[in-house]
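Every value quoted in this text rests on a predicted model; they were computed, and no experiment measured them. Here is how names work: the chains are called A, B, and so on, in the same order as the sequence lines, proteins then strands, and each is numbered from 1.
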Amino acid sequence: MTKPLPTRYDHKHVESGKYDFWMKHDLFSAKSPEKPPFCIVIPPPNVTGKLHLGHAWDTALQDIIARFKRMQGFDMLWLAGMDHAGIATQAKVEARLKEEGISKYDLGREGFLEQAWAWKHTYADFIRKQWATLGLSLDYSRERFTLDDGLSDAVKKVFVDLYHQGLIYQGERIINWDPQAQTALSNIEVIHKEVEGGMYHFRFKVVDSDEILVVATTRPETMFGDVCVFVHPLDERYKHLHGKMVINPASKKMMPILTDSYIDQSFGSGAMKCTPAHDPNDFSLAQTHHLEKVLCMHPDGTMNELAGQYEGLDRFECRTQLVKQLQEEDLVERIEKHIHQVGHSERTDVIVEPYLSKQWFVKMKPLAQKVLEKQHHNGMNFVPERFEKTFVQWLENIEDWCISRQLWWGHRIPAYKHKVTEEIVVSLTPPQNMDDYIQDEDVLDTWFSSALWPFSTLGWPDESSQDLKRFFPNSVLVTGYDIIFFWVARMAFMSEHFMNELPFKDVLIHGLVRDASGRKMSKSLGNGVDPMDVVEKYGADALRFFLTTSSSPGQDLRYMEEKVEASWNFINKLWNASRFVLMNLPEGFKSDESHLKDASELDLWLLTKLDATITQVSDAMEAYDFGLAGSTLVNFTWNDFCSWSIELAKVPLSGHDDHVKLVTLNTLVYTLKAILKMLHPFMPFVSEEIYGQLSDELSISVSSYPTPSQSMKKVDVTRVDRLTSLISALRELRLSQNIKKANELIISLIDESGHSYKLSELEADILVKMVNARSGDINPEGALTLPILSASVIVSMHEHMDMSEQITKLETLKAQLEKEIARSKAMLSNESFLAKAQPSKVEAERAKASEYQRQYETILAQLDAILKR
RNA sequence: GGACGCUUAGCUCAGUGGGAGAGCAUCUGCUUGACGUGCAGAGGGUCAGGGGUUCAAAUCCCUUAGCGUCCACCA
């Protein structure tokens, strides 16, 4: 049944064709209503470009969960989908057009959107190809795109409903304006960066007086939009100036001096200029004082006619020239270096301008409040827990959400303005007499549609959708901590408002991928790693195993090629262990678990450890602790299975008892299959390849996850532990004493009660094979006695033995044991310990103490004997 | 100004109340019939500093220091 595997694991060969095979047999679409449902919707990647390592990590984690749950017998829906990523995609498309010398205005709205859709199709194909390369078990039969018809209907309905419920409104406010993209941004699309700027102190001349009022600003160019100067009403320094006028040094216009207790007397000179159209604080002051709000800039960040000679100049160039001019006019008191946080656009990285503009907003307080109440009582289970705090604190301090964007690529706002009366109509369909109306030109923030993702993808607003009934709320969301605000919080309030439920049972949060020295991967640093390159070199399985087992939940991950290589090495190890097992299977072998009832002590030793491993791994998987699951599997596979069981099995396998051989092989095959199944969620390709050689099932991905064997008898496998301990001790002796394997060692054994301990025939054969040692009668005097686990071994003297070397070894061991015995004795003679500690702990400590004591005495006697010689 | 995370072997990281762990790196030995991308061994750490709780602290609490991240409208 088996073709021999090549000695080297070839990831390219193993991975090729597997995904097509899975697709051909439609193994990943949810289609079993009789099974319990489990649902994950993929965080939809942006159609802006290819996937990076962060996506590979995020999706590999989801794939692990999906494959694990599928094997556990759930009707697993892992829904595929992508995000139109409004501003990001539009910027990319515009940039590409620009290379051809075309502006979006040349094409017009319709023509531009055609280009954007073409872009979307190109990158969607690219992304699907990458998903396939990574081996993701996605359900493509339900794939969605945030701009497709169904999701657009959902978006419209949500907008219209929220509007009529008074939760969406249009208002004139200070928003974050991106002068390059020429659109409004929400608060969280603004990245605050520390920038060294200036604090400019200007002299404002008081009209009809010789007095000068010094006023500071970090943005001198906005002085063209100033309407007054504020001082604190109780500020003694300025009481005599109340009601007077000053000259704006930039515009030379007269402005009043007004008072408001908002002003901090201790800050700067205690006088503050007010620019209502360019600063949120100034705006709210202007509201209470009914001041005019004048813009001094165009939407592209150049100065407007208010700036006089600087009209048309970029805001920062205007700053430079204006300051120079004022210095010449001796209107500058001083300029200080000033380090402060300046907002930058997340997408274009230009400095954001606080800018007065009419936009659409979502009223957040009532929506957030509902989520907070639900979260408090019966909320989503964040893993790790601490991220719940991030989530809650953001919702507690929430501001209204600016959702309109001055873009073309996105969901156009379903609001229609009457051309004459300016009456606004918000509805799912255009007004009947549409010729009299104009639809709002703006589109919605891309996160508005993403916020509906957990239910819009399942068919909402069609309440009769079977998927919606079965799969909402989703079982788990997997995402990075960087988008808790952008996405998780918004999905929460949309779901709570429209579905009356929070969208997820569990929220699994992971960190960010960093480079080897801990820096964020970014284009500007040029330190990004393309996951496809890694797959080319090491295979998707190795990459996935590295990504998902190299950090603990919620922590960041450094990309280190050596670690991917280590994962590859582990797979190669697994490959070769499988190769050994397969090579030993006789023609026509069919694995049959009923043979395990005749399992030998060696077999039971392995099966016992396998059961413990299955329990530990399953628990870790349920807790989303994939690092722990992975390391448990590596340890078991590499140490217990490969280094011990396979090596030990070589003896019975080379013997002449066919039944013993059959039982041994069945043990190995049974264990290997369990290992492959447990590894399958991590490394789907190689596990599928090897499993195919051991089983007639269609695919390991639809096999059932291992469970601990219920029928296995509890057996004492101490003899095997003693045997491995003996082998290790003799190996160490050979190395330290430089005794070649060709030189046979003669040994005899004494158990812990001092009686002679007889090896079984199999054990004796194993000793010969593995360490070339044979039992024989030895006079302990003149021989070497060493402690091993719950026994001692006496080794006959050998011509190569160097006693001074041996004494050093024994002294070291003696010192270690003395330390342990002292610790143990201290504990056991402590009344409080005996009284308060758990009885099992006390018992365990006693057992340790007596074993240490026994070994210690063996060593003492041995040292004594050597010194007497 | 708030919140969170990190500090453990040369490097990267696990561990989280009762004997300090892994991978890589280092050193020694090995043509063992699955694997030299391997096998068998070894060395290497006052678990950031200080205080507290406890019979018992790398682990829980407080505190200090350093590094990092996020949030925040101070001219």
Side-chain angles (χ1 to χ4, degrees), chain A residues 4-5 7-9 174 187-188 192 199-201 215-219 229-230 262-264 267-275 279-284 340-341 343 354 384 386-387 389-390 393-394 397 399 481-482 484-485 511-512 514 516 518 520 549-552 554-558 560 562-563 565-584 627-628 631 634-635 642-643 646-647 650 654 727-728 731-736 738 740-741 769-772 816 819-820 823-824 826-827 830-838 841-842 844-845 848 852:
Chain A
L5 300 176
T7 63
R8 185 192 151 97
Y9 158 61
I174 300 285
N187 293 343
I188 52 178
H192 292 275
M199 178 67 84
Y200 302 85
H201 298 258
V215 179
T217 178
T218 53
R219 296 188 293 154
V229 168
F230 275 105
Y262 165 80
I263 304 304
D264 180 354
F267 192 93
S269 63
M272 184 193 93
K273 73 187 199 64
C274 179
T275 323
D279 184 281
N281 297 314
D282 296 10
F283 176 84
S284 49
H340 57 155
Q341 299 284 329
R386 64 186 142 92
F387 290 108
K389 205 169 175 181
T390 312
Q393 287 182 349
W394 190 68
N397 299 298
E399 303 276 332
Y481 60 68
D482 52 327
I484 291 176
F485 307 135
L512 304 176
R514 301 175 171 278
K520 252 186 185 172
T549 63
S550 300
S551 76
S552 53
Q555 293 302 122
D556 287 350
L557 170 69
R558 292 194 193 196
M560 303 221 287
E562 311 90 273
K563 286 202 185 181
E565 203 179 330
S567 296
W568 189 97
N569 289 347
F570 170 61
I571 300 173
N572 190 52
K573 184 76 185 175
L574 173 71
W575 182 265
N576 275 290
S578 307
R579 184 166 171 267
F580 171 83
V581 173
L582 288 164
M583 276 171 42
N584 276 282
L628 180 59
S631 58
V634 170
N635 286 337
C642 294
S643 294
I646 286 185
E647 292 306 323
K650 283 175 181 174
S654 64
I727 291 168
S728 294
R731 279 170 172 167
E732 198 185 334
L733 181 70
R734 280 192 179 280
L735 257 174
S736 68
N738 195 22
K740 295 259 186 291
K741 180 131 179 231
K769 175 165 168 41
M770 293 183 76
V771 281
N772 193 17
Q816 282 169 4
K819 209 177 107 195
E820 290 305 326
R823 187 190 56 79
S824 233
M827 278 174 86
N830 182 332
E831 296 291 332
S832 304
F833 173 71
L834 297 174
K836 294 182 184 175
Q838 295 166 28
K841 304 263 184 194
V842 178
E845 204 54 46
K848 277 192 253 174
Y852 292 144

Asker: Hunt down the Watson-Crick or G-U wobble partner of B:G33, both distances under 3.5 Å, from any strand shown, or write none.
Answerer: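 Looking at the geometry, B:G33 pairs with no nucleotide.
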Asker: Is the backbone N or O of A:A516 less than 3.5 Å from a side-chain atom of A:R558, with the two atoms forming a donor-acceptor pair by type?
Answerer: yes
Asker: Picking from B:G38, B:A75, B:U12, which would you name as closest to the side chain of A:K563?
Answerer: B:U12
Asker: Round to a whole Å and report the spacing from NZ of A:K841 to C1' of B:A56.
Answerer: 11 Å
Asker: Using atom C1' in both nucleotides, what's the gap between B:A25 and B:U46 to the nearest angstrom?
Answerer: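 After rounding to an integer number of Å, I get 25 Å for this pair.
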Asker: Determine which nucleotide pairs with B:A3, using a 3.5 Å limit on both distances of a Watson-Crick or G-U wobble pair.
Answerer: B:U69
Asker: Phosphate oxygens OP1/OP2 of B:C13: is one of them under 4.0 Å from a side-chain N or O of A:R558?
Answerer: yes
Asker: May I ask you to say what A:F230 touches in the nucleic acid, namely base, sugar-phosphate or nothing, with a heavy-atom cut-off under 4.0 Å?
Answerer: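 Nothing: the residue A:F230, judged by heavy atoms under 4.0 Å, touches no strand.
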Asker: In whole angstrom, give me the gap between the P atoms of B:A20 and B:G44.
Answerer: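 The same atom, P, in both gives a distance of 15 Å.
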Asker: I need the single residue from A:N584, A:L582, A:N576 that forms a side-chain contact (heavy atoms from CB on, under 4.5 Å) with A:F580. Which is it?
Answerer: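 Among A:N584, A:L582, A:N576, the one meeting side-chain contact (heavy atoms from CB on, under 4.5 Å) with A:F580 is A:N584.
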Asker: Any strand counts, and the cut-off is 3.5 Å on both contacts for Watson-Crick or G-U wobble. Which nucleotide pairs with B:G41?
Answerer: B:C27
Asker: For A:Y200, which residues count as a side chain to side chain donor-acceptor pair (under 3.5 Å) partner, sequence neighbours excluded?
Answerer: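 Applying side chain to side chain donor-acceptor pair (under 3.5 Å) to A:Y200 gives none.
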Asker: Might you list the N or O atoms of the protein lying below 3.5 Å from N or O atoms in nucleotides 32-35 of chain B, with each pair's distance?
Answerer:
| residue | atom | partner | partner atom | Å |
| --- | --- | --- | --- | --- |
| B:G33 | O6 | A:K769 | NZ | 3.1 |
| B:A34 | OP1 | A:K650 | NZ | 3.2 |
| B:A34 | O3' | A:R579 | NH1 | 3.0 |
| B:A34 | O2' | A:N576 | OD1 | 2.6 |
| B:A34 | O2' | A:R579 | NH1 | 2.8 |
| B:A34 | N7 | A:K650 | NZ | 3.3 |
| B:A34 | N6 | A:C642 | O | 3.3 |
| B:A34 | N6 | A:E647 | OE2 | 2.8 |
| B:A34 | N3 | A:N576 | O | 3.1 |
| B:A34 | N3 | A:A577 | N | 3.2 |
| B:C35 | O4' | A:N576 | OD1 | 3.1 |
| B:C35 | O2 | A:K573 | NZ | 3.1 |
| B:C35 | N3 | A:K573 | NZ | 2.8 |

Asker: Whether A:K389 contacts B:C4 is assessed here as follows: a side-chain N or O lying under 4.0 Å from the phosphate OP1 or OP2. Is that the case?
Answerer: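 True: A:K389 side-chain N/O within range (under 4.0 Å) of B:C4 OP1/OP2.
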Asker: In terms of the angle between their ring planes, are A:Y9 and A:W575 parallel, tilted or perpendicular, with boundaries placed at 30° and 60°?
Answerer: tilted
Asker: Mind calculating the distance between CH2 (A:W394) and C1' (B:A72) to the nearest angstrom?
Answerer: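 It is 14 Å, rounded to the nearest whole Å.
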Asker: Heavy atoms from C-beta onward define the side chain here; which of B:A40, B:U12, B:A75 lies closest to that of A:L735?
Answerer: B:A40
